[in-house]
Amino acid sequence: MKPAPFKYYVPRSVPEVLSLLNEHGYDAKILAGGQSLVPMMNFRLVQPAVLVDINNIPEMAEIQPHEKGVRLGAMVRHSQAEKDPLIKEKAPLVHETMPKIATVQIRNRGTIGGSLAHADPSAELVVVSTALDARFKIQNLNGERVVPASEFFVGLMVTAMGPEDLLVEVEFPPLPPRSGWSLKEVARRPHDFALVGVAAVVVLDKKDRCKEARLVYLSAGDGPISAPEAAGLLVGEQFTPALATAAAEKASADEIDPGSDIHATADFRRHLANVLTQRALEEAFQRAKGGK
Amino acid sequence: MKVEGEHLFNGTQKQVWDLFRDTAVMASALPGTEKMELIEENKYEAVMNVRVGPVAGKFSGELVISNEDFPTSYTMTVDGRGKPGFLKGAGDVTLIEQGANQTLMKYTGDVQVGGKLAAVGQRLIDTVAKSIIGQAFETLDNALAERVNAETEGRKADYRKSTESDYAATVAKDLIKNVLKRTGRDKS
Amino acid sequence: MENTFNLSVTVNGKSYQQTIDPRTLLSDFLRNDLGLTGTHVGCEHGVCGACTVLLDGKSVRSCLLFAPQVHNQEVLTVEGLGTIDDLHPLQEAFREAHALQCGFCTPGILTTLVPYLEENPNPTEEEIREAISGNLCRCTGYQHIIDAVKLATEKTNT
Amino acid sequence: MTYKVIGKRVKRVEDPRLLTGGALFVGDVNLPNMLHAAFVRSDYAHARIISIDTSKAKEIPGVVGVYTAEDMGDAWEPGPPLVSPPPTLENVVFNSRRQVPLVKDKVKHAGEIIAVVVAESRYIAEDAVEEVYVDYEPLPAVVDLEKCLEPGSTLVHEDLDSNLAAHLIQNKGDYEAARQEADLVIKRRFNLDRGAAAAMENRGLVVDWDPKNQHLMVWDATQSPIPIRNGMAARLGLRTHQVRVVAPFVGGGFGPKIMMFYAEEMVLPWLTMKLERPVKWIEDRHENFYATTQEREQIQDVEMALSKDGRILGIKQKIIHDTGAFNPYGLTTPLNTQSHSMGSYDVKNYNSEVTVVFTNKTIVTPVRGAGRPQGIYVVERLLDIACKELALDPREVRRLNFIPPDAFPYDHKIIDQAFTSLVFDSGNYQPAYDLALEKLGYDNFIKEEQPRLRAEGKHVGIGIVPFIETTGVGPYEGARVAIEPSGKVSAATGVGTQGQSHMTSFAQIIAEELGVEVEDVSMVTGDTAEIHWGTGTFASRGAVVAGNAVLAAASDVRLKVIKLASKILETPEDELELDGGLVRVADIPEKSISLGELAVLANPFRGAVEPGTEPGLESTKYFGPEYGATAFGVHGMILEVDSETMMIKIRKYVTVEDCGTMLNPLVVEGQIHGGVSMGIGNCYYEKLHFDENAQLLNASLADYLIPSSMEMPHIEVYHQNTPAPNNKLGTKGVGEAGTIPVPAAFAQALENALPEYELEILETPLSPNRLFELIHKREELT
């Protein structure tokens, strides 16, 4: 299991990266953390002719406050995000998600941007960024654009980025007051790809009624799968187990589109989505009521 | 892997039948088709560059149409090989008239994937298949619309052949609509 | 070779300069180019953890890094922890508790634990299990490894 | 017997090297001028080869050669049959079909080797592998164990008229008569699926032919270096002294590393002799899932006849055993299943039919447990079902059926894997079972804990099963022990070491016998230059067979020491003792001589030695048991299952092991922990998924799930000691014990945790998805 040959570039700045991407187009792959890419290269399922290593651009690895939220450079590593106090404060769901991603060795190397750009429908960050309505800053030689999560993920491992594009930053907007969140997932072993998972975010009014809700699922289709109708059932309501059940049933029966593999049939995934939604909603409502 | 589903086309049974027997259309519907040639009656030879995220593989193989029952049903078998593995499949296609100008296509089949792809990519194969089918119908819908329009306008239909490089960029972007439609994704 | 990379790296405190094929995996570079065969290769797809080394003090999978990626950085392998005559306290505890059988996964587990224990000198059993959950061992059922970690932390903390 | 060194928790001698990266594994062998091999393996499980085009691969710079079966010429021949069928059984059908070095015409399982590339680096070799084009005619794959026997089935071996690989019936007593008397007859079908051994180190081989010395040096990650040496020499037309095989440190074996003569072991020696350069091949993980042998796949239809008080009157069994594409390992595994299908019980009537089938899957040879877990699974599951049907306490039923302690040696009068009669040498089952019940807190759990936890909505269950393990089989093993002039001891045995701590526990035996420190004994395992005869490490036999050979050799050296010392110290032999590296007179400790001095005297440089004596303080001895030693134990667990997510957590795990004399309890416990972890894998995590084309769908460690530290419970290990009567040390094997009863205990605990679903678990491994299906099915029924 040795990778096929490639040409290796180590640009030192974003413009340098962009011109390399422009030059090589589909022949090039960006090497960020490499924790998904390199295994596939070792299996020779991926054989890029050119590898553009973006690990030597320090400004891409910064974490900064941004309009009451937080802004993460694409090259922020998972372990860096896991320990960052600003993320813990401004994006607690992101903070909580980090230890659930793979293993410590992977988190020490894997990057936020790499995970998002890879757009694996089983990746926690893909789902969490969708639930939090994150915004993706993309650059190419022609300039810069910002794409919301709802438009960033367009299909199975496909994003709104073309071969000339570089994801430079992700912004997580702040959660409103009286927000609650939860990420629940089931994996065969804790660090395996989850069989199914759900990120729930709710915002309550003063009477504990849900003002806004979002449910997004992982391993439930070809990308992060939102369940707006199930979320809609929650709006205007206070939490009851029956309400959670109704939303869970709606989402798992009608809104997700999971596949089958050796670990779980689509049926079992729908069942798990149902169970996890109920658990996630209970936790999210609880947290929202807890104030803050 | 069982593949099963249906798709409603905006065209008559005959128009849909013809659509499927048009090599150029078939070539454009299958993502990354580099070459598709009719080598003998009802037998095509194809080379495809399949790309799923970063995974790209070149497959070559044959596509055979049999059990033709014009204009309602036929059987399609595919047999392809590439460095990352092989795939073979057989499926039955039925076209059912739905009112004057619509045709419901029902398909059921069995696709088998082998080699490295199956061995290490198992987790995604089902979703990949769904994705490819989704894309194919998207393209076919467009092609059918173009054919129907061309027919009424009395001109030759014009298909843009999809290449590997614009597959992810354009086809995938087309897919946004499709995905949103199918999953009811929250756009807010 | 047309496609080459001139690599400078410090491994276990010693600096090396080598010209390599850029696709060389760090694990292969350490083992074959530098002869540091203590780093073992068990899967080459980032699951088993046998190839874990420290890159600038952090545990990473050396099979998921290309050697050029460690240019101008510091790598520590199991060979840099202790010697046969002067074992690292964690190595000593592993011996004491019979935390290794075939010993193939051991270097990766040691390199995972060394930085972990620096940050978490008093882990609970559950925390130790979590800490080594990215390292597969087929011989020990992990129990004696956990015993060894406890033993090592008890010794350092008294 | 009281020992000073044997039985102590001695720290391992081999550890400092392993801990510091200083131990040599086969992958660490790098020789000047060395080439690297990579293999072109078939994607298809069953296909005819139409043509092979290697031209493009050969053009790649750095490629030295690409070879196919045709290039091997006369050197092409299938591997040797390793284990023949039992000669003592009548009416055995056995169709021997052996694996080949490179496929000539038809591929019989995915991963079979079609061509080999040799290049200056492994990277280049793999580049070239991708450029070899093989044109196949795919054939339908033989997958299903039953369908493959139907007339008209596709044939794996077309020269046979069916896919039958072997057939045999073993009978004891008269089952049909017993059935007539029975109050209850239970018949069930069991599905036991495949798993991988998945040692952390894959296989590997470095070969180096030295034309000037006419000598072949081989480093091989094998469990059995001596048979490999013998076989290689025979295949290559060399004398055995021209081949040296070293099994250096080996990163786990678990059975498959003894499947002597893997294709790679046939191809590489041929390459080095042809190219006159060293050649290295290290199996990668992906290859390992296809090329390294696997085990456990069986379908069993088993019937148990019982009296209403729960006494087993008889068992009737039909086993279909999958051997994969070839059967080099004979009938070892299914014979083991038979040997364990009566468990620890006094079963008077037993009738068992084994049908072995060829399929287009990876070859099957023993994997840790080796057919035994399947036997224990069916007998324990049937007993559990019987207890439910008869409303009897499962503990009482087991007590009633245990072979009583005064019945040993207990002759089952069937043939075991060693082709000798299945005799249980010794045993004392009830106390071990009681100890396990006590340590697990069985009574308290059933009466208090479980009701309390259930009231809290928790699904907790308990499972406890006894098991036996036939261990320590022959034919023999040898050891050489020598005292060197330094006073230190060198020793060697032919068994290889893959983590079993031989270098320490065998050294303990020698240290005990010769009165030296363990550190002063240097034990070599797995080097054919050090000892000529031997078989290997398998069947939980190291401590029994090699251990007693070591003892025999050490005892003989001790006799020589005493004889010589008696002469020199002018003291009668019976007044001498060995301690601290000295021989001394018991009552006058200052009157002594060191072993080193004696060693010098035993090998005089000048003068005349006494005719008929041997020089040196050295001895080589062999040990071959008449029949094996039967270990025994009980495993129990308390598990919790989330009945919504199907996630499980084992809250408590208790084992009681009786492996006779323990050489080193620390090592024994380690063996058990590791065995249990593979056993837990076999319950809920580790399953090889083959599809209808015999394609393996989880050929990576991302999808083949080895338990991690998070899935493993804390294991409590307790010991009981019933020494083996037929060897001096009294040892029984323990290497596989931990794995054997786990799925049976797990199934019992899972059923117990989910009583509302009335599950009847008749398969292993399960998975969350499978458990969901089972529960769902029960829900639909009710």
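Letters A, B, ... are given to chains in the order of the sequence lines, protein chains preceding strands, and every chain is numbered from 1. Everything numeric in this text was worked out from a predicted model, so none of it was measured.
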Chemist: Using distance alone, with no hydrogens and no angle check, list the donor-acceptor pairs under 3.5 Å between chain B and chain D.
Modeler:
| from | atom 1 | to | atom 2 | distance (Å) |
| --- | --- | --- | --- | --- |
| B/Arg81 | NH1 | D/Val134 | O | 2.8 |
| B/Arg81 | NH2 | D/Val134 | O | 3.2 |
| B/Lys83 | NZ | D/Glu131 | OE2 | 3.2 |
| B/Gln112 | OE1 | D/Asn693 | ND2 | 2.8 |
| B/Gln112 | NE2 | D/Glu692 | OE2 | 3.1 |
| B/Gly115 | N | D/Gln695 | OE1 | 2.7 |
| B/Ala119 | O | D/Ala699 | N | 3.0 |

Chemist: Counting heavy-atom pairs under 4.5 Å to chain D, which of B/Gly85, B/Gly121, B/Gly115 comes out on top?
Modeler: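 Max contact count across the listed options: B/Gly115.
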
Chemist: If I measure from the heavy atoms of chain B, does D/Leu696 come under 4.5 Å with its side chain, its backbone, both, or neither?
Modeler: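 Only the backbone of D/Leu696 comes within 4.5 Å of chain B.
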
